[in-house]
**Student:** 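Mind looking over this structure? Questions follow.
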Amino acid sequence: MAVHLMSPADLTKKIFHNEKLFILDVRNENDFKDWKIEGRHFQSLNIPYFELLDGVDAIIDKLPLDKDILVVCAKEGSSVMVSDMLSAAGLTVSYLKGGMEAWSEHLEPVKVGDLRHGGEIYQFVRIGKGCLSYMVVSDGEAALIDATRMIDHYLHFAESIGVNITHVFDTHLHADHISGGRLIAENTGATYWLPSKDAAEVIFKYHPLEDGSNITIGNTKMNIHALHTPGHTIGSTSFVVDEQFLLSGDILFIDSIGRPDLAGLAQDWVVDLRETLYKRYRELSDDLVVLPAHFMTIGELNEDGTVSEHLETLFAKNHGLNVEDEIEFRNLVTENLPPQPNSYKEIRQTNMGKIAPDKKKQREMEIGPNRCAVR
């Protein structure tokens, strides 16, 4: 039978289209439990590749005959080996090109909507890690928000739609992934904006992003309004775009809220987090469409692949926005927190400019889920 290659882009489309897939993950058990590929109609079986070195006969009856089978490993090599053995046993299978390493780095651009005075906003879904970044486009110019280190995705997309990147923003100093903001600015001549309250230890030049900053993109009336919304970090900043969209960074997600502990100041920042979620956001229009910087589960994706929801709906359904008792809220966001992101201290140092790991090390630092949320 045949062995096929499946790219991360092809796999992403299967998730967006709610297709069925059976995944044979041949990584170590701990790696699988920590982080795996998910889809609404995906099933997974974890059998480490070293258990299959003598053959696959023992697992044939565990594999379905009515679903596509995808073999996955860390970097591709082991999945190719196992796929070849399954093929020799008479099965038609695919393996994931580049393995989980490539899956972690794939970005899928999806159009979110049109702007009232001309232009569009796009969401880049980093499906394997749950990161979300944005491109706001107007009159041949573009602004990027919370860009990842895989900058070629943004540069190629901007070129494909005929726009120049003129501004790059980070909503906060990220701890779960390495920002591409500074590198994109260096490559394009764009202005790099960073909340000044998060930049006390930053050692490179940036443009300070302050509460109330208005930045015009293109020649239309469309502005990006900066709104200081601390709690995840002391400088966390949200953006209201075109009076339609609220880019909430890591403060508010679709089914969760931001964690306040990644700089070691959870108890200090709980008050800020509650103030942002229960007062400052309440002063905004309920009609705003919330566009977060992360998602936790595949269930948060809409039918078109975007991650978004009206603020009014989140006020009604997001548990983190409906904890009336302040002590209960404090306990929610400071106790029983999920594990902290892998290498988060080194990632913060990289985003400050204090260390400059090579590409291989950056990949290693980012492997795994984002873990920025509290539910």
Side-chain angles (χ1 to χ4, degrees), residues 3-49 67-83 86 93-110 123-133 146-154 156-157 174 176-178 180 293-301 305-307 341-343 347 359-372:
V3 174
H4 303 289
L5 181 152
M6 186 180 296
S7 70
D10 292 334
L11 180 54
T12 299
K13 288 179 173 58
K14 285 185 175 292
I15 294 174
F16 282 6
H17 296 157
N18 291 320
E19 296 181 19
K20 293 181 179 179
L21 183 68
F22 188 92
I23 298 174
L24 174 62
D25 193 317
V26 298
R27 294 176 297 150
N28 294 332
E29 182 180 1
N30 289 339
D31 293 334
F32 174 77
K33 287 182 177 180
D34 184 54
W35 176 51
K36 63 182 180 180
I37 296 171
E38 296 179 277
R40 286 187 176 91
H41 300 294
F42 286 10
Q43 288 181 272
S44 296
L45 173 66
N46 174 227
I47 301 179
Y49 76 95
K67 296 177 184 176
D68 292 338
I69 298 173
L70 176 68
V71 185
V72 173
C73 68
K75 296 182 180 180
E76 182 181 306
S78 299
S79 62
V80 172
M81 177 193 74
V82 174
S83 295
L86 291 172
V93 298
S94 302
Y95 66 89
L96 180 61
K97 181 180 180 180
M100 293 298 285
E101 184 177 276
W103 182 238
S104 173
E105 296 185 345
H106 178 68
L107 298 178
E108 189 73 21
V110 185
Q123 185 179 69
F124 289 77
V125 183
R126 189 176 179 184
I127 189 75
K129 194 170 171 64
C131 297
L132 301 167
S133 47
D146 288 332
T148 69
R149 61 181 169 80
M150 288 77 74
I151 69 169
D152 286 347
H153 289 273
Y154 307 105
H156 292 160
F157 185 78
H174 294 281
D176 74 300
H177 71 272
I178 296 167
H294 289 100
F295 64 94
M296 286 185 66
T297 68
I298 290 298
E300 294 174 56
L301 270 66
T306 61
V307 179
N342 296 336
S343 304
I347 289 173
K359 288 185 178 181
K360 180 180 179 181
K361 180 61 178 178
Q362 289 183 30
R363 288 192 180 104
E364 293 173 356
M365 289 162 60
E366 286 193 348
I367 286 294
N370 62 72
R371 296 174 178 157
C372 285

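Any value given below was found using the heavy atoms of this structure, including those in side chains, with hydrogens, waters and symmetry copies removed.
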**Student:** Please step through side chain to side chain contact (heavy atoms under 4.5 Å, CB included) for the pair Leu86 and Val82, ending with a clear verdict.
**Tutor:** CA-CA 6 Å; Leu86 291 172; Val82 174; 4.1 Å; yes

**Student:** Who pairs with Ser79 by side chain to side chain donor-acceptor pair (under 3.5 Å), at least two apart in sequence or on another chain?
**Tutor:** none

**Student:** Spell out, as yes or no, whether a donor-acceptor pair under 3.5 Å connects the side chain of Arg126 to the backbone of His106.
**Tutor:**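 Looks like no, no N/O pair under 3.5 Å.
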
**Student:** Is the shortest side-chain heavy-atom distance between Phe32 and Ser44 below 4.5 Å?
**Tutor:** yes

**Student:** Rounded to the nearest 0.5 Å, what separation is found between the CZ atom of Arg40 and the OG1 atom of Thr297?
**Tutor:** 8.5 Å

**Student:** Short question: side chain of Glu300, backbone of Met296 - any donor-acceptor pair under 3.5 Å?
**Tutor:** yes

**Student:** Could you list the residues that satisfy side chain to side chain donor-acceptor pair (under 3.5 Å) with Asp146, not counting sequence neighbours?
**Tutor:** Thr171, His174

**Student:** Check residues 94-102 and write down every donor-acceptor pair under 3.5 Å in which the side-chain atom is one partner and the other belongs to a residue at least two apart or another chain.
**Tutor:**
none

**Student:** Are Met81 and Glu76 close enough that some pair of their side-chain heavy atoms sits under 4.5 Å apart?
**Tutor:**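 No - every pair of side-chain heavy atoms lies 4.5 Å or more apart.
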
**Student:** How long is the gap from NE2 on His177 to OG on Ser133, to the nearest 0.5 Å?
**Tutor:** 7.5 Å

**Student:** Kindly determine whether Leu21 and His41 satisfy side chain to side chain contact (heavy atoms under 4.5 Å, CB included), including the steps that lead there.
**Tutor:** CA-CA 7 Å; Leu21 183 68; His41 300 294; over 6 Å; no

**Student:** Name all residues meeting the salt bridge (Lys or Arg N to Asp or Glu O under 4.0 Å) criterion together with Lys20; count only those two or more places apart in sequence or in a different chain, and write none if there are none.
**Tutor:** none

**Student:** Can you list the residues that meet the salt bridge (Lys or Arg N to Asp or Glu O under 4.0 Å) rule with Glu364, with sequence neighbours excluded?
**Tutor:**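 Once residues adjacent in sequence are excluded, Glu364 has no partner under the salt bridge (Lys or Arg N to Asp or Glu O under 4.0 Å) criterion.
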
**Student:** Test of understanding: with side chain to side chain donor-acceptor pair (under 3.5 Å), list the residues that count as partners of Asp152, not counting sequence neighbours.
**Tutor:** none

**Student:** Within the 4.5 Å heavy-atom criterion, are Ile37 and Trp103 side-chain neighbours or not?
**Tutor:** yes

**Student:** With a 6.0 Å cut-off on ring centres, are Phe157 and Phe124 close enough?
**Tutor:**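 Under 6.0 Å, so yes.
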
**Student:** Whether Glu108 and Lys13 form a salt bridge (side-chain N of Lys/Arg under 4.0 Å from carboxylate O of Asp/Glu) is what I want to check.
**Tutor:**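 Here Lys13 pairs with Glu108 in a salt bridge, since their nearest N and O are under 4.0 Å apart.
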
**Student:** Locate the shortest heavy-atom distance separating Ile178 from Met365; write the atom from each residue and the value.
**Tutor:**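 In this case the closest contact between Ile178 and Met365 is CD1-CE, 4.1 Å.
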
**Student:** Quick one: are Val3 and Val93 in side-chain contact, heavy atoms under 4.5 Å?
**Tutor:**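 Answer yes - side chains close enough.
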
**Student:** Taking salt bridge (Lys or Arg N to Asp or Glu O under 4.0 Å) as the test, write out the residues that go with Glu38, two or more places apart.
**Tutor:**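 With neighbours one apart ignored, the set is empty.
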
**Student:** Determine, for Asp68 against Lys14, whether the closest basic-nitrogen to carboxylate-oxygen distance falls under 4.0 angstrom.
**Tutor:**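 Yes, this pair counts.
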
**Student:** Taking salt bridge (Lys or Arg N to Asp or Glu O under 4.0 Å) as the definition, give me every residue that meets it alongside Glu105, ordered by chain and number, with sequence neighbours left out.
**Tutor:** Arg149, Arg363

**Student:** Checking Tyr49 now: which residues fulfil ring pair (Phe, Tyr, Trp, His ring centres under 6.0 Å) with it, not counting sequence neighbours?
**Tutor:**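 Partners of Tyr49 under the ring pair (Phe, Tyr, Trp, His ring centres under 6.0 Å) test: none.
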
**Student:** Donor-acceptor check, side chain of Asn46 to backbone of Arg27, threshold 3.5 angstrom: yes or no?
**Tutor:** yes

**Student:** Report yes if some heavy atom in the side chain of Ile127 is under 4.5 Å from a heavy atom in the side chain of Ile298; otherwise report no.
**Tutor:** yes

**Student:** Give me the atom names and distance for the closest heavy-atom approach of Val26 to Cys73.
**Tutor:**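 It is CG2-CB, 3.6 Å.
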
**Student:** Output the distance between atom CD1 (Ile47) and atom CG (Leu24), rounded to the nearest 0.5 Å.
**Tutor:** 6.0 Å

**Student:** Output the distance between atom CG (Leu11) and atom CD1 (Ile15), rounded to the nearest 0.5 Å.
**Tutor:**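 One finds 5.0 Å between CG of Leu11 and CD1 of Ile15.
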
**Student:** Mind checking whether Glu366 and Asp176 have side chains closer than 4.5 Å, heavy atoms only?
**Tutor:**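 Side-chain contact under 4.5 Å: no.
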
**Student:** Are any of the side-chain heavy atoms of Tyr154 and Pro109 separated by less than 4.5 Å?
**Tutor:** no

**Student:** Can you list everything that forms a side chain to side chain donor-acceptor pair (under 3.5 Å) with Lys33? Sequence neighbours excluded, please.
**Tutor:** Glu29

**Student:** With sequence neighbours left out, what residues match His153 under side-chain contact (heavy atoms from CB on, under 4.5 Å)?
**Tutor:**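 With neighbours one apart ignored, the set is Leu107, Met150.
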
**Student:** Can you check whether Ile23 reaches Ile69 side chain to side chain, under 4.5 Å on heavy atoms?
**Tutor:** no

